Protein chains: 2
Amino acid sequence: MTVWDRPEPPTRPVPLDRERIVAAAIALADEGGLEDVSLRKVAARLKAGPMRLYGYIATKEELFDLMVDEVQAEILPETQPGDWRETLRVLAHRTRQAVLRHEWLADLLGGRPTLGPNGLAVTEARLAALDGLADVDTVMRAAETVSAYTTGAIRREVANLRAERATGLSKSDWQRANGPHVTRMLATGRFPALEKAVHDATHVDAEESFEVGLDWVLDAVAAKLARP
Amino acid sequence: MTVWDRPEPPTRPVPLDRERIVAAAIALADEGGLEDVSLRKVAARLKAGPMRLYGYIATKEELFDLMVDEVQAEILPETQPGDWRETLRVLAHRTRQAVLRHEWLADLLGGRPTLGPNGLAVTEARLAALDGLADVDTVMRAAETVSAYTTGAIRREVANLRAERATGLSKSDWQRANGPHVTRMLATGRFPALEKAVHDATHVDAEESFEVGLDWVLDAVAAKLARP
DNA sequence: TATCGGAGCAATACAGTGTATCGACATGAG
DNA sequence: CTCATGTCGATACACTGTATTGCTCCGATA
């Protein structure tokens, strides 16, 4: 019985694990957005049948949870700076940067509690930064307030960014970017304050306005920490 | 040719308009969440074929936009209170209440720019409250910061609410509500600050923590308005 | 070593989705 | 009365998440 007579052994399936699955899903989402992530496509990237994934995840939502947690690892800074304020600021900025790298994150952020290891680690980092500076309740309120601002601001930024991309690519001109509709609405005179704001506001880039708002919120936190 | 010989005239289709379509979609979403809203089901409620809707909307996303704008009408207060701070506070609270009435709004809030008439009106109300109290840029930053906090906080609240509902119905006990997983994670000792917070924090209801965080942010705004 | 149980996997199937296409038909204009 | 027009419904397509089913191979047991 020579080699030539014996058939090749059947090709063993590519080994799989959650890490590989999540990586494939993230790659897909990075390329084409969240709606491009289908279990079939993810499986195809791994040269596997769609049903194979159900050995590792029970539902597509779970895959999303894993994706979010995976990316949250990028948020944790390698070295913790000393100041509580600096720590919170860095965490917020790194969150923003992670979302800009993975825009689909904006669709998921805040949508479910982040209970994965990295999500918990981020929460821990926020709380640790404030630990001992006030009573527990104040600390929690502070952490949650900063985090609420962060996710809210980032979401709006991405929303605007997408809208700009959708309406041609005119970036600087607000009115033109939003098409004739907004212009027409403003012309009705029913939105005088908005009209003034749109007309007179100096355009600042997104990062700076994120930063400014964040600073305000941090100021508020600082004020509350001062008086326990 | 008597009446009996003549066939009935063909039943004319039920007249349709965006208002009716949006109302049907909102009703569906209120009952079963956003994912229960399918063009087929919406159309069925109106005794129409699915394709009929495409005379009024070009895409499902547009339907969502219309839904959001419709519900935003509920946010505008009937009478404007005097104080800028009170105005912003009321707007935030009414936003929260609207989301609690229509939980699906949490999935959409902040996801796209709100360019509909009611959305613009809400923005206008926010800006109008601050109008003249500082330069335009500061006013915009203030409005956006408050709104970022609001949407972020509400989203987290709804996320937690859903998670609680999903894990049995134990509401007060954080650890039990989140199942053994979080308990086990905390037991690793890798999240000391989180552990302390979970253990020692006095449970305050969602509305109160929303209110407190909001007040902090409003304090921050007040401070910036003071010095132009 | 032969057999068997069980696990992992692929194929198939199903109910449902958003939307393009097209043919019929009622309606208003000439 | 005829004809063009535009609206509506049916059909169709490509695709989704997931349940079910049966095969096939691996390792443990007799």
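Values below: every heavy atom of this structure, side chains too, minus hydrogens, waters and symmetry copies. Everything numeric in this text was worked out from a predicted model, so none of it was measured. A, B, ... follow the sequence lines: proteins, then strands. Residue 1 opens every chain.
Side chain of Tyr56(B) to main chain of Ile21(B): no donor-acceptor pair is present (N/O by atom type, distance under 3.5 Å, no hydrogens or angles). Under the 3.5 Å distance criterion, the side-chain polar atoms of Arg112(B) are left unmatched by any main-chain donor or acceptor of Ala159(A). Judged by distance alone, with hydrogens and angles left aside, the side-chain atoms of Arg96(A) form no donor-acceptor pair with the main-chain N or O of Ala153(A) at under 3.5 Å.
Atom CZ of Arg52(A) and atom P of dG22(D) are 22 Å apart (whole Å). Summarising the geometry, the separation between CG on Leu39(B) and P on dA10(D) is reported as 17 Å, rounded to the nearest angstrom. dT7(D) atom P lies 9 Å from atom OH of Tyr56(B), rounded to whole Å. Spacing between atom CG of Leu16(A) and atom C1' of dA10(C) amounts to 14 Å, rounded to whole angstrom units. The distance from atom CD of Glu35(A) to atom P of dG17(D) is 12 Å, rounded to the nearest whole Å. When rounded to the nearest whole Å, the span between CE of Met51(B) and P of dA10(D) equals 12 Å. When the C1' atom of dT16(D) is taken as reference, atom CG of Leu63(A) falls 14 Å away, rounded to whole Å. One interatomic measurement links the two molecules: CD1 of Ile21(B) to P of dG18(C), which rounds to 14 Å at whole-angstrom precision.
For Lys60(B), whose side chain is taken as the heavy atoms from C-beta onward, the closest listed nucleotide among dA10(C), dT18(D), dT19(C) is dT19(C). The side chain of Lys41(B) lies closest to dT17(C), out of dT18(D), dG18(C), dT17(C).
OP1 or OP2 of dT19(C) lies within a sub-4.0 Å distance of a side-chain N or O belonging to Thr59(B).
Two residues are said to be in side-chain contact when any heavy atoms from C-beta on lie closer than 4.5 Å; Leu34(A) and Phe64(A) meet this criterion.
Judged by atom type and distance alone, Arg40(A) reaches the base of dG17(D) through a side-chain donor-acceptor pair under 3.5 Å.
No contact: Val42(A) has no heavy atom under 4.0 Å from any strand. Within 4.0 Å of Gly49(A), counting heavy atoms only, lie sugar-phosphate atoms of the nucleic acid but no base atom.
Between Tyr149(A) and Phe210(A), the angle of the ring planes stays under 30°, which puts this pair in the parallel group of the 30/60° scheme.
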